[in-house]
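This report concerns only the one structure given below.
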Amino acid sequence: MPVAKPESSDSRVIAHVDMDCFYVQVEQRKQPQLRGLPTAVVQYNEWKGGALIAVSYEARKFGVKRSMRGEEAKEVCPQVQLVQVPVARGKADLSGYRNAGSEVVSILARRGRCERASIDEVYLDLTDAAEMMLADNPPQGMETIDEEALKSHILGLNNEDGSDVKENVRKWIHRHNADHRDKLLACGILIVAELRMQVLKETEFTCSAGIAHNKMLAKLASGMNKPAQQTVVPFSSVKGLLDTLPIRKMKQLGGKLGISLQMDMGVNTVGDLLQFPEEKLQERYGINTGTWLWNIARGISGEEVEGRLLPKSHGSGKTFPGPRALKTVPAVQHWLNQLCEELSERLCSDLDQNKRIAHTLTLHARAYKSSDTDSQKKFPSKSCPLRYGTAKIQEDAFNLFQAGLREYIGFYGGKTQGSHCSGWGITSLSVSASKIVPIPSGTCSIAKYFQGQSTSHFSSMQSSDNLNTEATLSLPSGSECYSEVNLSEPKIDFPKEESWIKDTVPDLDLQEQKDLSSTLSEKTQDGFIQEDISPLLLSGCLEQNRSKQQQDLTKDESQFKSEYKERKGKRLKDKGTYSIIELFKSYNPNPSGSFLSHEYNRTVGGTDASSSSYSRDEEEGRREAWGYNIDEIDSSVMEELPTEIQDEIKSWMQPHKRRPNNMVKRSCTISHYFSPSKKS
DNA sequence: ACGGCTGTCACT
DNA sequence: TAGTGACAG
């Protein structure tokens, strides 16, 4: 359910940039001969020509639509060029599109806070850039306005018949008597036009954009004139825009909530919403959503543009529709292995390129169960701490699947009362990695400190310091080491054939069932420290990049594990006497240089800030990734450190400023421009 | 037999 | 928390 956020200001300049039929453009850049031709991107060509997932504007003119099959598209447009999505490991591989999206983001992030909203959409907060332009070189004083900016669409601008549209736009941008908000938007027009031209020049991709005072309106506007155009929503046009806008066109109202508004409340346009008092909406839809609805009816949306250039999770999944459903455990395992391979690859790239580590692995599946009492039961999602390394991810994912399957099948091991074997089938599988946090980069002074005071012992092991600090200081709570307990659990050996349930799943009594299905969650509640496993996790990824002679490390892993456990216990017990310095000195699981050494050099070299690929907020996230409350660090430990380092640690530990979830505030700055009764 | 594959967010 | 569901493109 949507939630209302207070609006920080009603004169922000927010842009929403939306790539035009992005997948098509990516394919056309690969194959320039396709440019200008009606083109569509399809995935899985086997069945009815595959499903269309992107359609060029040329093809749309012929009536080709997304959600058509390739064959249908050929019927309405015989000359349509169908390009297949790349396939890897037997599944669609979207990495080319993801990477292309990153190219775009890195350009758009140049002028202000930038939020990657999806693979092909971005929000920008250009308020500061616009204010600066207004102060230094306001559009009102410019002699010429860029051609691309003049092609903008300005909602509410009176274009009488025969009038020169561009000339009207030029006048609007040049107006001296405009209010502050419109002048800011005028700056936004110029900035966004420039950014879009940059994108075109550097990536060959066109995009469309909306420019307004908040995200909701910007998003609405970006879709109004496509492709390759931009649309502006001046403050004064908001009411007129929303009045007749079909309610389902609003973001978040395209689903059940929108239907309910229509069916239950008779609301067909956003304007229709205005007649309902806030209390009525809250009564029907809850306090948060009620206020949110009341706000959006008035064009109020306080959502901030989050500075985030990178995704918060990675996933890899595949569906197995109908007859293709997976019916044996080995078949599931095979596909899980493929999915995990892809996921692992992406996690390693993320670690390599962005210095981020994912902490949670989740398995999702959909299943059907014929001949059973509750066949609509959902296959449960399961998650566990994520260990790096393809084989480990595969192993963990498979265990999650088995845990889910046991729960899904239920107490009787798949047998119904009539001792009839119940068939199950898996119709979709996906694995995802979440809780991705940056490896703290703030270790600069710590690294210097130890480099300075240590002997050869330390200097030869610089690269692992990063890991160690991360490992020992991070987030409390979570599991000790999932791998040690859960993975050594007895596993069921499945036969290759379909009837394994009948043949091999032992009949378990109630208590056993309970134990099995709750194993995963129980093991994570032991009060140990999640990041204790980090170096182990990482060693999995390191393995892949490491040369042979470095592998001696791996064989010491179990020893390292138990030492680690000891130390951790000690730390928890002897809180007052344990030294942070001891922690730093004692772990050196990776004596040779790893890929992390380059990160180390970068930060120590002091050139990090300029070369960082993080947005400002992500840099903050890096510091916050430690997630420690300063109070939780024993003062005697802190005192051992030089003040310089104490200060740095304190700076990472600053608590989040966060509003409680149910705090609903409303800005009336916009609302008082609307007439509805007492509310303003 | 399904739109497939991703991704985010809020609720409980 | 972990797990679920809604929504989007």
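Given the structure is predicted, the values throughout are model-derived calculations rather than measurements. Throughout, a chain's letter reflects where its sequence line sits, starting with A, and its residues are numbered from 1.
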Where the side chain of [X] is defined as all heavy atoms beyond and including C-beta, which of [options] is the nearest nucleotide?
X	options	result
K435(A)	dA2(C), dT8(B), dC11(B)	dA2(C)
T427(A)	dA1(B), dC7(C), dT4(C)	dA1(B)
W47(A)	dA1(B), dC7(C), dC11(B)	dA1(B)
S67(A)	dT8(B), dG3(B), dA1(B)	dG3(B)
L94(A)	dT6(B), dT4(C), dA10(B)	dT6(B)
D120(A)	dT6(B), dA1(B), dG9(C)	dG9(C)
S383(A)	dG3(C), dG9(C), dT8(B)	dG3(C)
R66(A)	dG3(B), dC5(B), dC11(B)	dG3(B)
Q43(A)	dG9(C), dC5(B), dT8(B)	dC5(B)

Write down the distance between [atom1] ([X]) and [atom2] ([N]), rounded to a whole number of angstrom.
X	N	atom1	atom2	answer
H364(A)	dG5(C)	NE2	C1'	11 Å
D18(A)	dG7(B)	CG	P	17 Å
M216(A)	dA8(C)	CE	P	14 Å
Y408(A)	dT4(C)	OH	P	13 Å
Q252(A)	dA10(B)	CD	P	9 Å
L310(A)	dT8(B)	CG	P	10 Å
D396(A)	dA2(C)	CG	P	14 Å

- Distance under 6.0 Å and angle within 45° of the ring axis: does K369(A) meet both against Y408(A)? yes
Considering just the side-chain nitrogens and oxygens of [X], establish if one lies under 4.0 Å of OP1 or OP2 belonging to [N].
X	N	answer
S313(A)	dT8(B)	yes
R366(A)	dG5(C)	no
R98(A)	dT6(B)	yes
K219(A)	dA8(C)	no
K382(A)	dT1(C)	no
K378(A)	dT4(C)	no
K312(A)	dT8(B)	no
R116(A)	dG7(B)	no

- Query: Does the ring of Y44(A) lie flat against the base of dG3(B), closer than 5.5 Å centre to centre with planes under 30°?
  - Reply: no
- W335(A) side chain reached by I426(A) side chain, heavy atoms, under 4.5 Å: no
- Item | Heavy-atom check, side chain of V305(A) versus side chain of L124(A), under 4.5 Å | no
- Message: For DNA chain B, which residues of residues 50-59 of chain A approach it to below 4.0 angstrom with any heavy atom?
- Response: L52(A), I53(A)
- Message: For residues 42-51 of chain A, which residue pairs pass the side chain to side chain donor-acceptor pair (under 3.5 Å) check, not counting sequence neighbours?
- Response: Y44(A)-K318(A)
- Message: For G315(A) and P321(A), find the nucleotide of DNA chain B closest to each by heavy atoms; which residue's nucleotide sits nearer the 5' end?
- Response: P321(A)
- For F320(A) and for Y23(A), find the nucleotide of DNA chain B with the closest heavy atom, then tell me which residue's nucleotide is more 5'. F320(A)
Across the strands shown, which category fits [X] at heavy-atom distances under 4.0 angstrom: base, sugar-phosphate, nothing?
X	value
T362(A)	nothing
S118(A)	nothing
R324(A)	nothing
K48(A)	nothing

- Message: Testing the basics here: between L343(A) and L361(A), what is the closest heavy-atom pair and its distance to 0.1 Å?
- Response: CD2-CD1, 3.8 Å
Thinking salt bridges, do [X] and [Y] make one under a 4.0 Å N-O criterion?
X	Y	value
E72(A)	K65(A)	no
E303(A)	K219(A)	no
R113(A)	E306(A)	no

- Task: Would you check if there is a donor-acceptor pair between the side chains of S208(A) and D18(A) at a distance under 3.5 Å?
- Result: no
Distance-only donor-acceptor pairs under 3.5 Å for side chains of residues 93-100 of chain A, two or more places apart:
from, atom 1, to, atom 2, distance (Å)
D93(A), OD1, S95(A), N, 3.1
D93(A), OD1, S95(A), OG, 2.9
D93(A), OD2, S95(A), OG, 3.2
Y97(A), OH, E27(A), OE2, 2.6
N99(A), ND2, S95(A), O, 3.3

- Task: With P as the reference atom in both, quote the distance from dG9(C) to dA1(B) in angstrom, rounded to an integer.
- Result: 27 Å
